[in-house]
There are 2 protein chains.
Amino acid sequence: MTITEASRKYDISADTLRYYERIGLIPDVPRNKSGIRDYDETSCQWIELMKCMRKAGVQIEALIEYVALFQQGDATNEARKQILIEQREQLIRRMADMQASLERLNQKIDRYEQWAIPGNKKSSCPVQH
Amino acid sequence: MTITEASRKYDISADTLRYYERIGLIPDVPRNKSGIRDYDETSCQWIELMKCMRKAGVQIEALIEYVALFQQGDATNEARKQILIEQREQLIRRMADMQASLERLNQKIDRYEQWAIPGNKKSSCPVQH
DNA sequence: TATTGACTTGGACCCGGCTCCACATGATAT
DNA sequence: ATATCATGTGGAGCCGGGTCCAAGTCAATA
């Protein structure tokens, strides 16, 4: 699969795919005799994994370290697991922050809706902020 | 309340508080005769709100627009509500992405844990990626 | 054989969101 | 009166994460 095809398949620009490889977010992609990238199944799986993680805001640095350890073999399994656990914790914390924000948004939206009910204007519904 | 006190109270640097005011993320803070900021209850509520929203990653641009509309009075209530609704939708989408990522992290961590059980090494638990 | 077009690289640039800095000003302590 | 200290301002710098570009190489087609 060429970079253009992989780009379309995962909806990630070719520039970004090269960038990811350059910084080690995905391992080196196999090349043909002319030096053209030929994305195989393994490369695709890495792309797909990283797309998922990045979409969720997992730090690139942690992912790069994970990939580097992965390439060093089984001896690094425990370290890799620790990275995943740390990132999971951060993810959970961030989701909690978002949940809190979501609840406030809901409250505020409710207040604006109350305000919009005729006869309810100034009386029961002081819209603040 | 001085900027230093507000900074400590909300754990946001004085530079960031000034920056927020400069870009309109919070309305202008009252000043004393010497031009020194004197954060009052209202200012504090804005800070607290924005801290919550920014922690959850709500876009600054949307929040700035919200503040600008707020300062124009009741006529903008509907527009403000629409901003909140849009941001709520984005938040929900991002939380779903994070949930997907969280589930993958959980799976991967499980696999590393299976691998760590003696006798389970190569047989049943191919740790990939 | 010459042109087209996809691909390569390294490096420059951009954007959001702060963060830092230099310099000015005014209140307070010695 | 002078030194200290918090605060003010405008603008530069930084960082993460891409995004864009120029110049070169190769394969396929006219």
Side-chain angles (χ1 to χ4, degrees), chain A residues 1-40 43 46-47 49-67 83 86-87 90-91 94 97-98 101, chain B residues 1-40 43 46-47 49-67 87 90-91 94 97-98 101:
Chain A
M1 192 184 317
T2 68
I3 198 167
T4 305
E5 289 161 351
S7 165
R8 276 202 261 278
K9 179 165 181 183
Y10 295 103
D11 194 28
I12 297 176
S13 79
D15 269 322
T16 299
L17 287 176
R18 285 189 208 98
Y19 166 70
Y20 279 176
E21 187 176 346
R22 208 149 68 190
I23 65 175
L25 183 63
I26 59 174
D28 286 351
V29 173
R31 310 291 182 110
N32 66 19
K33 338 74 201 152
S34 329
I36 306 290
R37 288 176 181 79
D38 181 12
Y39 291 83
D40 60 7
S43 298
W46 281 107
I47 293 172
L49 175 65
M50 293 310 176
K51 179 179 180 178
C52 174
M53 295 295 143
R54 289 298 304 133
K55 219 169 143 187
V58 174
Q59 304 159 356
I60 278 193
E61 270 309 307
L63 297 170
I64 288 173
E65 194 180 346
Y66 181 84
V67 171
I83 291 176
E86 166 63 20
Q87 294 308 309
Q90 291 192 21
L91 206 47
R94 288 192 291 119
D97 289 341
M98 293 169 83
S101 182
Chain B
M1 190 184 318
T2 67
I3 198 168
T4 305
E5 289 161 351
S7 165
R8 275 201 263 280
K9 180 166 180 184
Y10 295 103
D11 195 27
I12 297 178
S13 79
D15 270 322
T16 298
L17 288 176
R18 286 189 209 99
Y19 167 70
Y20 280 176
E21 187 175 348
R22 210 151 67 191
I23 65 175
L25 183 63
I26 59 174
D28 286 352
V29 173
R31 309 289 182 112
N32 67 17
K33 338 74 201 153
S34 329
I36 305 290
R37 289 175 180 82
D38 182 12
Y39 291 82
D40 60 6
S43 297
W46 280 107
I47 292 172
L49 175 64
M50 294 308 176
K51 180 180 179 176
C52 175
M53 294 296 145
R54 288 298 304 133
K55 222 170 141 186
V58 174
Q59 305 158 356
I60 277 193
E61 270 310 307
L63 297 170
I64 289 173
E65 194 179 347
Y66 181 85
V67 172
Q87 295 308 309
Q90 291 191 22
L91 206 47
R94 287 193 292 119
D97 289 340
M98 293 170 82
S101 182

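Letters A, B, ... are given to chains in the order of the sequence lines, protein chains preceding strands, and every chain is numbered from 1. Remember, it's a predicted structure, so these values are computed and weren't measured experimentally.
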Let me have a per-nucleotide readout for nucleotides 22-28 of chain D, 5' to 3', with B, S or -, counting only protein heavy atoms under 4.0 Å. ----SS-

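- To the nearest 0.5 angstrom, A/K51 atom NZ is 5.0 Å from A/D11 atom CG.
- Atom CG in B/L63 sits roughly 10 Å away from atom P in C/dC18 (whole-Å rounding).
- If you take CD1 on A/I3 and OH on A/Y39, they are separated by 3.5 Å, rounding to the nearest 0.5 Å.
- We find that CD1 of B/I64 is positioned 16 Å from P of C/dC15, with the value rounded to whole Å.
- Not counting sequence neighbours, the partners of A/E65 by the side-chain contact (heavy atoms from CB on, under 4.5 Å) test are A/L69, A/I83.
- Taking atom CZ of B/R54 as the reference point, atom C1' of C/dG16 lies 8 Å away to the nearest angstrom.
- Applying the side-chain contact (heavy atoms from CB on, under 4.5 Å) rule to B/E61 yields the partners B/I64; only residues at least two apart in sequence or on another chain are considered.
- If you measure from atom CD1 of B/I60 to atom P of C/dG16, you get 10 Å, rounded to the nearest angstrom.
- For A/D40, the side chain to side chain donor-acceptor pair (under 3.5 Å) partners two or more places apart in sequence, or in a different chain, are A/S43.
- Between the CD atom of A/E61 and the C1' atom of D/dC15 there is a distance of 11 Å, rounded to whole Å.
- A/M53 places its CE atom 19 Å from the C1' atom of D/dG16, with the value rounded to the nearest Å.
- Contacts with DNA chain C (heavy atom under 4.0 Å) in residues 10-26 of chain B: B/D15, B/T16, B/Y19, B/Y20, B/R22, listed by number.
- The CD1 atom of B/I36 sits 17 Å away from the P atom of C/dA24 (whole-angstrom rounding).
- Shown here are the side-chain contact (heavy atoms from CB on, under 4.5 Å) partners of B/R54, two or more places apart in sequence or in another chain: B/Y20, B/L25, B/I60, B/L63.
- Every residue meeting the side-chain contact (heavy atoms from CB on, under 4.5 Å) condition with A/K55, not counting sequence neighbours, appears here in chain and number order: B/D97.
- The side chain to side chain donor-acceptor pair (under 3.5 Å) check on A/T16 picks up A/S13, with sequence neighbours excluded.
- Each of A/E5 and B/Q59 was matched to the nucleotide of DNA chain C holding its nearest heavy atom; the match closer to the 5' end belongs to A/E5.
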Only pairs under 3.5 Å count here: list side-chain donor-acceptor contacts from residues 29-37 of chain A, not counting sequence neighbours, and write none if there are none.
| residue | atom | partner | partner atom | Å |
| --- | --- | --- | --- | --- |
| A/R31 | NH1 | A/G35 | O | 2.9 |
| A/N32 | OD1 | A/S34 | N | 2.8 |
| A/N32 | OD1 | A/G35 | N | 3.2 |
| A/N32 | OD1 | A/I36 | N | 3.0 |
| A/R37 | NE | A/E21 | OE1 | 2.6 |

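- When rounded to the nearest whole Å, the span between NZ of B/K55 and P of C/dG17 equals 18 Å.
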